[in-house]
Amino acid sequence: MADPVKKNMLKEEIITYAYLILYIALSSGQIFFNKWVLSSKEINFPYPLGLTLLHMVFSSVLCFLLTKVFKILKVEEGMTLEIYTTSVIPIGAMFAMTLWLGNTAYLYISVAFAQMLKAIMPVAVFILGVAAGLEVMSCRMLLIMSVISFGVLVASYGEINISWIGVVYQMGGVVGESLRLIFMEILVKRKGLKLNPISIMYYVSPCSALCLFIPWIFLEKPKMDAHGMWNLHPVVLTLNSLCTFALNLSVFLVISHTSALTIRVAGVVKDWVVVLVSALLFADTKLTVINLFGYGIAIAGVAAYNNHKLKREAIRNISDDSQAALTIPTATSSNLNR
């Protein structure tokens with residue numbers, strides 16, 4: 001009896017590790033793929049806004065086909081016009097801003113340095129969370145935020161070929177992503193709607209595509225017309241869009257088979273993989289000891305932040321379970337009295 005159980009457990013562990021490796025490979029690979037498409041002389045497609053717009057259109061079409069036509073995946077119910085206008089549209093707009101500015105940064109700074117700057121994300125999320133009333137300032141959190149900020153500053157100081165335009169774009173992407181996470185938390189906490197990643201993609205992707213289409217008409221379409229950039233590489237761009245969609249699906253698989261802690265740890269591993277591998281792949285990446293030392297400090301702060309958040313979530317879940325357990329006998333006794 002024990003052997004089949006052990007085999008099933010071993011099978012589950014193998015599947016879980018396979019999903020984690022897939023997520024890390026796709027996430028890292030997508031970053032490298034985007035950098036190559038945007039800056040490579042072979043592809044010569046320096047239009048981050050157009051590339052991001054293509055990703056969102058591709059994602060919207062595939063989500064519709066998978067959920068409504070072939071019905072392989074299911075979209076969760078509960079979406080209303082009020083929730084869509086007050087939550088989904090802001091989330092879609094911030095997601096579009098994040099991808100647009102983040103991809104634009106690759107034209108000016110190295111992939112490794114962009115990842116180092118992304119380590120400041122928890123600081124931005126926490127500050128905006130305090131402003132929105134979702135977080136509470138404490139000495140512990142202030143210390144963690146200071147460690148992360150110091151690490152990013154040291155990593156930036158160690159950057160040899162720093163481009164402040166690229167830094168501004170990357171930090172703009174960080175602010176956009178932080179706002180998106182805040183809106184997501186508001187959607188879950190204050191409006192009580194929990195959506196799986198497929199449902200989020202289904203609702204958010206079309207909105208993000210529209211938010212990207214408007215600036216693309218004015219900012220990049222005239223340049224593409226002038227330089228004759230409509231003679232594109234359809235196979236490369238289709239594969240790039242497919243990889244983006246596969247990455248989002250891998251997140252769904254990892255979340256469904258692991259815990260929040262696992263996905264956070266996998267994210268940290270992915271960041272280090274991107275930083276180190278990019279130094280081998282791209283000529284514009286030159287890592288220094290100061291770079292790596294500062295990034296190590298920032299990652300230590302990020303790990304402390306993740307640990308703090310997970311403990312708070314665990315305490316909140318225990319509290320919710322306790323309240324549910326207390327209310328069940330009360331409801332039963334009231335029914336018996338009737």
Side-chain angles (χ1 to χ4, degrees), residues 20 23-24 27-28 31 94 98 101-102 105 109-160 162 164 166-182 184-185 251 254-255 258-279 285 287-316:
L20 284 171
Y23 162 72
I24 293 171
S27 185
S28 306
I31 292 171
M94 291 304 103
T98 300
L101 297 180
I109 59 177
S110 67
V111 170
F113 187 47
Q115 288 300 120
M116 292 178 186
L117 291 176
K118 282 182 184 178
I120 201 73
M121 183 83 69
V123 177
V125 172
F126 181 72
I127 292 172
L128 291 171
V130 171
L134 298 172
E135 298 282 356
V136 178
M137 182 64 75
S138 66
C139 294
R140 179 186 177 85
M141 289 304 294
L142 189 61
L143 177 62
I144 291 173
M145 296 303 111
S146 300
V147 169
I148 296 173
S149 301
F150 176 72
V152 172
L153 284 173
V154 172
S156 301
Y157 179 77
E159 181 67 10
I160 297 173
I162 191 167
W164 291 108
V167 171
V168 170
Y169 275 121
Q170 186 61 46
M171 296 311 292
V174 167
V175 171
E177 177 66 4
S178 302
L179 286 170
R180 184 186 73 85
L181 293 173
I182 293 297
M184 286 289 294
E185 195 163 350
V251 173
V254 170
I255 290 174
T258 62
S259 64
L261 175 60
T262 307
I263 192 69
R264 283 184 169 99
V265 171
V268 172
V269 173
K270 181 264 299 181
D271 291 340
W272 274 108
V273 169
V274 170
V275 168
L276 298 176
V277 174
S278 64
T285 302
L287 297 176
T288 65
V289 175
I290 298 176
N291 270 149
L292 296 175
F293 178 69
Y295 188 53
I297 294 173
I299 288 297
V302 171
Y305 171 79
N306 288 338
N307 183 54
H308 179 74
K309 291 283 288 183
L310 287 168
K311 283 183 178 179
R312 282 185 56 188
E313 288 173 10
I315 292 171
R316 189 185 301 118

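Numbers for residues simply follow the sequence, beginning at 1.
- Here the shortest heavy-atom pairing between Phe113 and Ala155 reads CE1-O, 4.2 Å.
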(request) Could you go through the side-chain contact (heavy atoms from CB on, under 4.5 Å) check for Val275 and Leu292 one step at a time? (result) CA-CA 9 Å; Val275 168; Leu292 296 175; 4.3 Å; yes
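- Few gaps surround OH on Tyr23; more than 12 heavy atoms of other groups in view lie less than 6.0 Å from it.
- Distance CD1/Ile127 to CE/Met137: 7.0 Å, rounded to 0.5 Å.
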(request) Give the intermediate values and the outcome of side-chain contact (heavy atoms from CB on, under 4.5 Å) for residues Ile120 and Met171. (result) CA-CA 9 Å; Ile120 201 73; Met171 296 311 292; 3.4 Å; yes
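- The structure places CD of Glu177 at 4.5 Å from CE of Met121, a figure rounded to the nearest 0.5 Å.
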(message) Let's go through Phe126 and Ile144 carefully: what are the C-alpha distance in whole Å and the side-chain angles of both, what is the deciding distance for side-chain contact (heavy atoms from CB on, under 4.5 Å) to 0.1 Å, and is it a yes or a no?
(response) CA-CA 11 Å; Phe126 181 72; Ile144 291 173; over 6 Å; no
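- If you take CE on Met145 and CZ on Arg140, they are separated by 10.5 Å, rounding to the nearest 0.5 Å.
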(message) The test is side-chain contact (heavy atoms from CB on, under 4.5 Å); show your working for Ile109 and Leu117 and say whether it passes.
(response) CA-CA 11 Å; Ile109 59 177; Leu117 291 176; 4.1 Å; yes
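- The heavy-atom pair separating Gly296 from Trp272 by the smallest distance is CA-CZ2, 3.9 Å.
- Between the Ser27 side chain and the Ile24 main chain, no donor and acceptor come within less than 3.5 Å of each other.
- Put simply, CG on Leu287 and CG on Leu276 are 7.0 Å apart, with the number rounded to the nearest 0.5 Å.
- Rounded to the nearest 0.5 Å, atoms CD1 (Ile299) and CG (Asn306) are 9.0 Å apart.
- One distance of note links OG1 of Thr288 with CD of Glu159; it measures 7.5 Å at 0.5 Å rounding.
- With Val123 as the fixed residue, the side chain to side chain contact (heavy atoms under 4.5 Å, CB included) test singles out one of Val302, Ile148, Val147: Ile148.
- Lys118 and Val174 get closest at one heavy-atom pair: CA-CG2, 4.2 Å.
- Between Ile290 and Gly158, the shortest heavy-atom distance links the atoms CG2-CA, 3.6 Å.
- Summarising the geometry of Gln115 relative to Tyr295, their closest heavy-atom pair is O-CE1, 3.9 Å, with the distance given to 0.1 Å.
- Ala119 and Pro122 get closest at one heavy-atom pair: O-CD, 3.2 Å.
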